[in-house]
A.B. asks: 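Attaching a single structure in structure tokens format; questions to follow.
Proteins get letters first, then strands, A, B, ... in listed order; numbering begins at 1 in each.
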Amino acid sequence: MRLSQYPISTLKEVPAEAEVVSHRLMLRAGMIRRLAAGLYTWMPIGLRTLRKVERIIREEMDRAGALELSMPTVQPAELWQESGRWNAFGPELLRFKDRHDREFAYGPTHEEVITDIARRELRSYRQLPVNFYQIQSKFRDEIRPRFGVMRAREFLMKDAYSFHADEASLAEGYRAMYEAYSRIFTRLGLEFRAVQADSGSIGGSASQEFHVLADSGEDAIAFSDDDDYAANLELAAALAPSTPRGPAAQALAKVPTPGARTIADLARSLGVAAEQCVKTLIVDGADGDVVALLVRGDHELNALKAQKLPGVASPLRMASAERVRATTGAEPGSLGPIGFRGRIYVDHTAANVADFVCGANEKDQHYTGVNWGRDLPEPQTVDIRNAVAGDRSPSGRGRLRIARGIEVGHIFQLGRKYSDAMNATVLDEQGRSVTMFMGCYGIGVTRVVAAAIEQNHDANGIIWPESIAPFRVALVPLTYQKSELVRNAADALYREFGDAGIDVLIDDRDARPGVKFADSELLGIPHRIVIGDRGLANGTVEYRHRRDTTSSDVALADVVGHVRARSAG
RNA sequence: CGGGGUAUAGCUCAGUCUGGUAGAGCGUUGCGUUUGGGACGCAAAAGUCGGGGGUUCGAAUCCCUCUGCCCCGACCA
């Protein structure tokens, strides 16, 4: 492509709306333009990368035996009513009516539509297993779209759905998708990790997320430093301490703690470590009562774990200040288990502390030297905290580390959730009608592009993985308009790369070198070749990989071979 | 949804407090000089000051209202 005929609009200044680096760079490089909150146009240069991501996904899905189809984005309400999600999905589902006053939704996902297809088309177990996929726009009316295409409302998704005669076949299909996903993200040049996950609103049993590791990620993941255990932090088990609790050494004492509202305040004013404190959180119970949840002062409550406990309301809700006052007689900030009337759950680690500090259920008063089994009954211990770095891995090997991740893929074993609700059956060998088992598998295609940038950039711009760069080679002739020597050499190289099937962009603009260098770096093109009179006098041009810090001279005749060699390495 | 912020040229912003009829840089167009890291000079085009209402001789500026956009949001007990 000739840059003189391929207008790009790179920006020196960062548009005010952009917060994260991928969003800033995508705007600056002219890849995307915003239409409205969470809605983006993909400009030509951005679309080239998006299409390359799609192509890799398509090739690997096809290789795994999945069949591509295309379903409508607009879906009738009746299907959603049948599955029960018309009411369950909430305001994320964009609903509207047609001219006949019939209700529709813009698809946020396609379980209903594909299950409808499956129940009409699939009659026999002999047609199974089968896996259908599509790459298509989805719309989710996010509460707060942000970070550009990372959390947009309209986005491109690859969604696949598999159908099986039995559970064993589902497990096998799921494994095949796991492998396909691993190949896809490897080919995309991303550093990723598959982690155990909660199945959330989609439902089902086994589920894993694929995360691109990046500090800006919205999710926290926990993984072992000694084996392949990895889980979303909300799911990662926090094990009980392996050492027994120490003996009680202090006497119980009530101390004034004026103004201390947080554990940090408390630890500071009493001169103790946060680990020596136990914090009491009062949440709504399932039966209109309240429940006390205790975790160690330096730990965080895990809502997902807590809301699964018997007697705790789901989703988890903190009790209102008025209810806290009514049940404990104290202000938030001075709550504790001593004298609390009601159900108490204590995290394993909090139950392991001797001589701890906790609220006294009296304004500005705390207890010190509290001991389980002496000042309080031995508690009912549970896992209700987030795992932290250094915890023993639930796999039994190694210690946990915590990293940030961007969820780019998610695979589920749905089981019969949708096929049951929508009566999707086939006949088995005995001629009996059996409900199909389903799996579903998604990749956020547009999010992958942003995630790739989050993971691959520097102060000058994007550094594309070779496989998804909009162009692989940038030719930068320094005086294309003035020097015939430079122009002929550049044009010859341009043809040579084209003939070799390597995407090449030639910067034939009448611009100063600095402008061309800056643009090629901002755009993140992996291989840059600078063609100038100086080198041509010796029959050479300058080669520089986007990750290099210096250039090297390469003989004109060896340029394509040199790029090929660097691509492989 | 709650809280905070913001809205002025294509982009980034100043001007608002203290009312007097709109500016800068970048970008764009033209001409000239430049040409190995976002050049320089001259000239030019470009704004319903988010919308509506009000106060006033006069409103980007003060008041009311609506809207868009951005950010933050139970771990506090």
A.B. asks: When the C1' atoms of B:C57 and B:C1 are considered, how many whole Å apart are they?
C.D. replies: 46 Å
A.B. asks: Given 3.5 Å as the limit, does a donor-acceptor pair link the side chain of A:N488 with the main chain of A:L485, or not?
C.D. replies: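 Answer holds: no.
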A.B. asks: Assuming nearest nucleotide by heavy-atom distance, tell me which of A:R317 and A:R28 is located more 5' along RNA chain B.
C.D. replies: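 The residue mapped nearer the 5' terminus is A:R28.
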A.B. asks: Would A:L93 and A:F139 count as a side chain to side chain contact (heavy atoms under 4.5 Å, CB included) if you check the C-alpha gap in whole Å, the side-chain angles of each, and the deciding distance to 0.1 Å?
C.D. replies: CA-CA 8 Å; A:L93 185 64; A:F139 191 97; over 6 Å; no
A.B. asks: Going by purine N1 to pyrimidine N3 plus the second Watson-Crick contact, or the G-U wobble pair, all under 3.5 Å, which nucleotide sits opposite B:C62?
C.D. replies: B:G54
A.B. asks: With the threshold set at 4.0 Å, does a side-chain nitrogen-carboxylate oxygen contact exist between A:R151 and A:E142?
C.D. replies: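 The answer is yes: the pair qualifies as a salt bridge.
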A.B. asks: According to the interplanar angle, ranging from 0 to 90°, do the rings of A:F96 and A:F104 count as parallel (below 30°), tilted (30 to 60°) or perpendicular (above 60°)?
C.D. replies: parallel
A.B. asks: Distance between the C1' atoms of B:U12 and B:U6, in whole angstroms?
C.D. replies: 14 Å
A.B. asks: Without placing hydrogens or testing angles, list every side-chain donor-acceptor pair under 3.5 Å for residues 448-455 of chain A, not counting sequence neighbours.
C.D. replies:
residue, atom, partner, partner atom, Å
A:E454, OE1, A:S216, OG, 2.5
A:E454, OE2, A:S22, N, 2.9
A:E454, OE2, A:S22, OG, 2.7
A:Q455, OE1, A:E191, N, 2.8
A:Q455, NE2, A:E191, O, 2.8
A:Q455, NE2, A:L213, O, 2.7

A.B. asks: Can you list, by residue number, the residues of residues 33-48 of chain A that have a non-hydrogen atom closer than 4.0 angstrom to RNA chain B?
C.D. replies: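 Those residues whose heavy atoms fall under 4.0 Å from RNA chain B, taken from residues 33-48 of chain A in numerical order, are A:R34, A:A37.
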A.B. asks: Walk along RNA chain B from 5' to 3' and tell me the first and last nucleotide with an atom closer than 4.0 Å to a non-hydrogen atom of chain A.
C.D. replies: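 Span of nucleotides near chain A: B:C1 to B:A77.
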A.B. asks: In plain terms, say whether A:E13 and A:R24 are close enough for a salt bridge, that is, a side-chain N and a carboxylate O under 4.0 Å apart.
C.D. replies: no
A.B. asks: Decide whether a cation-pi geometry holds between A:R95 and A:W86; the criteria are a distance under 6.0 Å from NZ or CZ to the six-membered ring centre and an angle within 45° of the ring axis.
C.D. replies: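 Yes, cation above the ring, under 6.0 Å and within 45°.
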A.B. asks: Categorize A:L11 for me: base, sugar-phosphate, or nothing, with a 4.0 angstrom heavy-atom threshold over every strand shown.
C.D. replies: nothing
A.B. asks: Write down the partner of B:A77 under the Watson-Crick or G-U wobble criteria, each distance required to be under 3.5 Å.
C.D. replies: none
A.B. asks: With rounding to the closest Å, how many angstrom separate the P atoms on B:G51 and B:U67?
C.D. replies: 15 Å
A.B. asks: In whole Å, what separates the C1' atom of B:G47 from that of B:G37?
C.D. replies: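 Between the two C1' atoms, the distance is 34 Å.
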A.B. asks: Just to be sure I understand the geometry, which residues of residues 474-481 of chain A put a non-hydrogen atom under 4.0 Å away from RNA chain B?
C.D. replies: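 When residues 474-481 of chain A is checked for heavy atoms under 4.0 Å from RNA chain B, the hits, listed by number, are A:L478, A:T479.
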A.B. asks: Taking a pair as Watson-Crick or G-U wobble with both distances under 3.5 Å, which nucleotide is matched to B:A39?
C.D. replies: B:U33
A.B. asks: With sugar-phosphate meaning primed atoms plus P, OP1 and OP2, does A:I263 contact a base, only sugar-phosphate, or nothing at under 4.0 Å between heavy atoms?
C.D. replies: sugar-phosphate
A.B. asks: Rounding to an integer number of angstrom, what distance separates B:G20 and B:U56 when you compare their C1' atoms?
C.D. replies: 12 Å
A.B. asks: Flag the pair A:R245 and A:E378 as a salt bridge only when some basic side-chain nitrogen lies within less than 4.0 angstrom of an acidic carboxylate oxygen.
C.D. replies: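 Yes, charged N to carboxylate O under 4.0 Å.
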A.B. asks: Are A:K516 and A:D508 within salt-bridge range, i.e. N to O under 4.0 Å?
C.D. replies: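 Salt bridge absent between A:K516 and A:D508.
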A.B. asks: For the rings on A:H562 and A:Y543, is their centre-to-centre separation under 6.0 Å?
C.D. replies: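 Between A:H562 and A:Y543, the centre distance is under 6.0 Å.
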A.B. asks: For RNA chain B, which residues of residues 366-387 of chain A approach it to below 4.0 angstrom with any heavy atom?
C.D. replies: none
A.B. asks: Should the pair A:R509 and A:Y480 be classed as cation-pi, given the thresholds of under 6.0 Å to the six-membered ring centre and 45° from the axis?
C.D. replies: no
A.B. asks: For atom C1', what is the distance between B:C49 and B:G19, given to the nearest Å?
C.D. replies: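 It comes out at 15 Å once rounded to the nearest Å.
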A.B. asks: Pick the C1' atom in B:G2 and in B:U8, then give their distance to the nearest Å.
C.D. replies: 30 Å
A.B. asks: For the P atoms, the ones on B:A45 and on B:U29, what distance do you get once it is rounded to whole angstrom?
C.D. replies: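 Approximately 16 Å lies between the P atom of B:A45 and that of B:U29.
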A.B. asks: State whether A:R528 and A:E521 are salt-bridged, where the test is any N-O pair (Lys NZ or Arg NE/NH1/NH2 against Asp/Glu carboxylate O) under 4.0 Å.
C.D. replies: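 Salt bridge flag = yes for A:E521 with A:R528.
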A.B. asks: Classify A:G359 by what it touches in the nucleic acid, base, sugar-phosphate, or nothing, heavy-atom distance under 4.0 Å.
C.D. replies: nothing
A.B. asks: Does the structure show a Watson-Crick or G-U wobble partner for B:U28, both distances under 3.5 Å? Name it, or say none.
C.D. replies: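 WC or wobble partner is B:A44.
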A.B. asks: Taking pairing as Watson-Crick or G-U wobble with both contacts under 3.5 Å, can you name the mate of B:A7, or confirm there isn't one?
C.D. replies: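 Pair assignment: B:A7 / B:U67.
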A.B. asks: Considering every strand shown, what is the Watson-Crick or G-U wobble mate of B:C17 when both distances are under 3.5 Å?
C.D. replies: none
A.B. asks: Which of these passes side-chain contact (heavy atoms from CB on, under 4.5 Å) with A:I384: A:V312, A:V295, A:L304?
C.D. replies: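 With A:I384 as partner, A:V312, A:V295, A:L304 yield a single side-chain contact (heavy atoms from CB on, under 4.5 Å), made by A:V295.
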A.B. asks: So, A:R544 side chain and A:S551 main chain: donor-acceptor pair closer than 3.5 Å or not?
C.D. replies: no
A.B. asks: Tell me, please, which residues at least two apart from A:R472 pass side-chain hydrogen bond (donor to acceptor under 3.5 Å, both in side chains).
C.D. replies: A:E466, A:S567
A.B. asks: 5'-most contact on RNA chain B: A:R544 or A:G336, nearest heavy atom basis?
C.D. replies: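 It is A:R544 whose nearest nucleotide is closer to the 5' end.
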A.B. asks: Heavy atoms only, 4.0 Å cut-off, all strands: where does A:V14 land among base, sugar-phosphate and nothing?
C.D. replies: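 A:V14: backbone/sugar contact only, no base atoms under 4.0 Å.
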A.B. asks: Which part of the nucleic acid, if any, lies within reach of A:R528 when heavy atoms closer than 4.0 Å are counted: base, sugar-phosphate only, or nothing?
C.D. replies: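 Base, at least one base heavy atom under 4.0 Å.
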